[in-house]
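Read the structure below first, then the notes.
Any value given below was found using the heavy atoms of this structure, including those in side chains, with hydrogens, waters and symmetry copies removed. In what follows, chains carry the letters A, B, and so on, assigned in the order in which the sequence lines appear, proteins first and then strands, with residues in each chain numbered from 1.
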Amino acid sequence: MPELPEVETVRRGLAPALEGATIDAVKLARPDLRIPFPPEFSRRLEGARIAALTRRGKYLVAPLSTGESLIMHLGMTGRFLLPNGPIERPGEFYYLSPPDPAHSHVVFTLRSGGRRFELVYNDARRFGLMDLVPSSALRTSRHFARMGPEPLTPEFTAGVLAAGLAGKTMSIKVALLDQRVAAGLGNIYVCEALHAAGVSPKRAAGRLGPRISDLHAAICSVLEAGIAAGGSTLRDFAAADGRTGAFQERFAVYDREGEPCPACAKPVRRIVQAGRSTFYCSACQR
DNA sequence: AGAGCTACCTGAAGGC
DNA sequence: TGCCTTCAGGTAGCTC
């Protein structure tokens with residue numbers, strides 16, 4: 001579910017509740033998500049104060065008072081709930097459909113300003129992960145060591161993007177899904193960015209030429225628009241406060257096979273690349 | 001090294 | 001109604 005704009009939406013929803021809170025208890029319903037929880041996961045978290053909630057690519061990162069950072073990835077179906085959290089209307093159910101309790105794998109009990117509340121991590125497919133790494137070694141951790149530039153920051157320039165794609169013979173669609181090229185892009189926003197840039201998903205990644213600037217600008221604008229809309233809601237994504245995203249209503253091509261291209265009205269096509277759906281306009285994207 | 005496939009896991013939706 | 005197949009927003013590990 002979550003790509004950069006969705007993870008950023010979750011971050012913004014959770015940050016006011018989590019930042020400055022102390023972790024009183026952590027209950028695990030099972031020993032692993034996609035990977036095992038690290039040794040003594042709960043013990044290492046209990047008593048820690050959450051200094052901040054940040055994001056890198058599709059990961060959430062919470063630096064702790066203990067010197068370690070809690071790293072969290074939502075996979076495809078991960079979501080956080082604040083069922084009795086410091087939100088204006090506690091008890092309100094925030095999601096389109098109630099999450100199956102069988103898939104609530106982690107329950108944090110947090111304390112902040114004299115209030116105690118729970119933060120529940122629910123993940124049906126269990127493709128998410130949580131890990132603990134020393135805050136001083138985040139950059140070299142296995143999750144981030146090879147991760148590419150962060151879009152929407154000054155480090156992500158057209159030149160940096162071009163360098164990341166140089167020499168690649170694979171399609172630009174498949175290349176942009178590689179988190180080493182740019183962090184945080186997924187299937188939706190890659191499709192949308194390529195459409196916005198007028199670049200065919202089938203074009204060789206290393207042969208964009210000067211159009212790399214258009215693609216760079218499109219990636220930034222599509223991600224910014226996604227964040228501004230509160231992410232996309234397909235199936236069941238919702239922000240921590242339960243509001244659903246609106247960006248799916250603005251998709252130009254994603255999940256719109258057969259519908260008219262908003263630019264030229266020709267039907268949007270669907271093809272499969274590296275086993276994943278690509279949606280594009282064969283007239284607008286060359 | 002680069003590129004392509006498979007696996008991980010569950011649920012929803014569509015076809016018959 | 002029910003069974004079966006296909007597909008889903010992600011990543012990593014394996015082969016060639």
Side-chain angles (χ1 to χ4, degrees), chain A residues 1-10 29-36 55-60 71-80 95-105 121-131 141-148 163-194 202 204-207 222-223 226-227 229-239 244-251 253-258 270-279:
Chain A
M1 142 203 351
E3 303 181 29
L4 189 155
E6 289 73 37
V7 177
E8 178 62 19
T9 298
V10 170
R30 50 177 303 127
D32 59 0
L33 293 172
R34 193 180 78 221
I35 62 173
R55 181 189 55 74
R56 173 79 171 105
K58 300 172 194 171
Y59 288 81
L60 292 168
I71 293 179
M72 298 167 282
H73 193 290
L74 301 173
M76 295 272 266
T77 52
R79 33 179 164 168
F80 282 103
Y95 287 80
L96 298 181
S97 56
D100 185 339
H103 302 311
S104 288
H105 306 303
Y121 178 72
N122 183 285
D123 186 353
R125 281 178 85 179
R126 232 186 309 132
F127 284 178
L129 69 84
M130 292 193 193
D131 202 359
S141 73
R142 62 166 153 164
H143 310 295
F144 299 136
R146 295 182 306 159
M147 186 173 281
L165 297 171
K168 287 193 182 297
T169 57
M170 64 170 64
S171 71
I172 184 64
K173 161 70 192 315
V174 174
L176 288 176
L177 289 175
D178 186 336
Q179 302 297 292
R180 293 172 295 186
V181 172
L185 292 173
N187 210 28
I188 292 176
Y189 292 92
V190 167
C191 290
E192 293 297 309
L194 288 170
K202 295 189 272 195
R207 297 183 176 273
V222 163
L223 291 175
I227 292 171
S232 314
T233 297
L234 265 55
R235 297 167 189 86
D236 56 10
F237 170 77
T244 56
F247 192 66
Q248 71 281 358
E249 292 156 24
R250 305 235 290 275
F251 289 165
V253 288
Y254 186 82
D255 209 16
R256 303 190 88 89
E257 181 181 14
R270 173 184 178 272
I271 59 174
V272 175
Q273 294 178 287
R276 312 195 60 194
S277 289
T278 298
F279 299 90

Which whole-number value in Å describes the distance from [X] [atom1] to [N] [atom2]?
X        : N      : atom1 : atom2 : result
A:Asn187 : C:dG10 : CG    : C1'   : 10 Å
A:His103 : B:dC8  : NE2   : C1'   : 15 Å
A:Asp123 : C:dG10 : CG    : P     : 13 Å
A:Lys173 : C:dG10 : NZ    : P     : 9 Å
A:Arg125 : C:dA8  : CZ    : P     : 10 Å
A:Asp255 : C:dC7  : CG    : C1'   : 11 Å
A:Arg30  : B:dT10 : CZ    : P     : 7 Å
A:Leu60  : C:dG10 : CG    : P     : 15 Å

[X]: what forms a side-chain hydrogen bond (donor to acceptor under 3.5 Å, both in side chains) with it, not counting sequence neighbours?
X        : value
A:His143 : A:Asp131
A:Arg270 : A:Ser277
A:Arg30  : A:Asp32
A:Lys173 : A:Asn187, A:Thr278

Candidate nucleotides B:dG11, C:dA8, B:dC8, ranked by approach to the side chain of A:Asp100 - the nearest: B:dG11

Side chain of A:Met76 - closest among C:dC7, C:dG10, B:dT10: C:dG10

Backbone of A:Lys58 reached by a side-chain donor or acceptor of A:Glu3 within 3.5 Å: no

OP1 or OP2 of [N] versus the side-chain N and O atoms of [X]: is any pair under 4.0 Å?
X        : N      : value
A:Tyr189 : C:dG9  : no
A:Thr77  : B:dC9  : no
A:Arg126 : B:dT10 : yes

Partner set under side-chain contact (heavy atoms from CB on, under 4.5 Å) for [X], not counting sequence neighbours:
X        : value
A:Asp178 : A:Arg180, A:Val181
A:Phe127 : A:Met76, A:Arg125
A:Ala175 : A:Leu165, A:Lys168, A:Met170, A:Ala205

Parallel, tilted or perpendicular: ring planes of A:His73 versus A:Tyr59, cut at 30 and 60 degrees: perpendicular

With rounding to the closest Å, how many angstrom separate the [atom1] atoms on [N] and [M]?
N     : M      : atom1 : answer
B:dC9 : C:dC14 : P     : 16 Å
B:dA1 : C:dT11 : P     : 22 Å
C:dT6 : B:dT6  : P     : 14 Å

Mind listing the N/O atom pairs, protein and nucleotides 2-5 of chain B, below 3.5 Å?
residue : atom : partner  : partner atom : Å
B:dA3   : OP1  : A:Thr169 : N            : 2.8
B:dA3   : OP1  : A:Thr169 : OG1          : 2.3
B:dA3   : OP1  : A:Met170 : N            : 3.2

By salt bridge (Lys or Arg N to Asp or Glu O under 4.0 Å) - contacts of A:Arg55 (at least two apart): A:Glu8, A:Glu150

Counterpart residues, salt bridge (Lys or Arg N to Asp or Glu O under 4.0 Å), relative to A:Arg126 (two or more places apart): none

All stems with DNA chain B, defined as three or more consecutive Watson-Crick or G-U pairs under 3.5 Å: B:2-8 with C:10-16, B:10-16 with C:2-8

Heavy-atom side-chain proximity of A:His105 to A:Asp123 below 4.5 angstrom: yes

Heteroatom pairs (N/O) under 3.5 angstrom, protein to nucleotides 11-14 of chain C:
residue : atom : partner : partner atom : Å
C:dT11  : OP1  : A:His73 : NE2          : 2.7
C:dT11  : OP2  : A:Lys58 : NZ           : 2.8
C:dT11  : O3'  : A:Arg34 : NH2          : 3.3

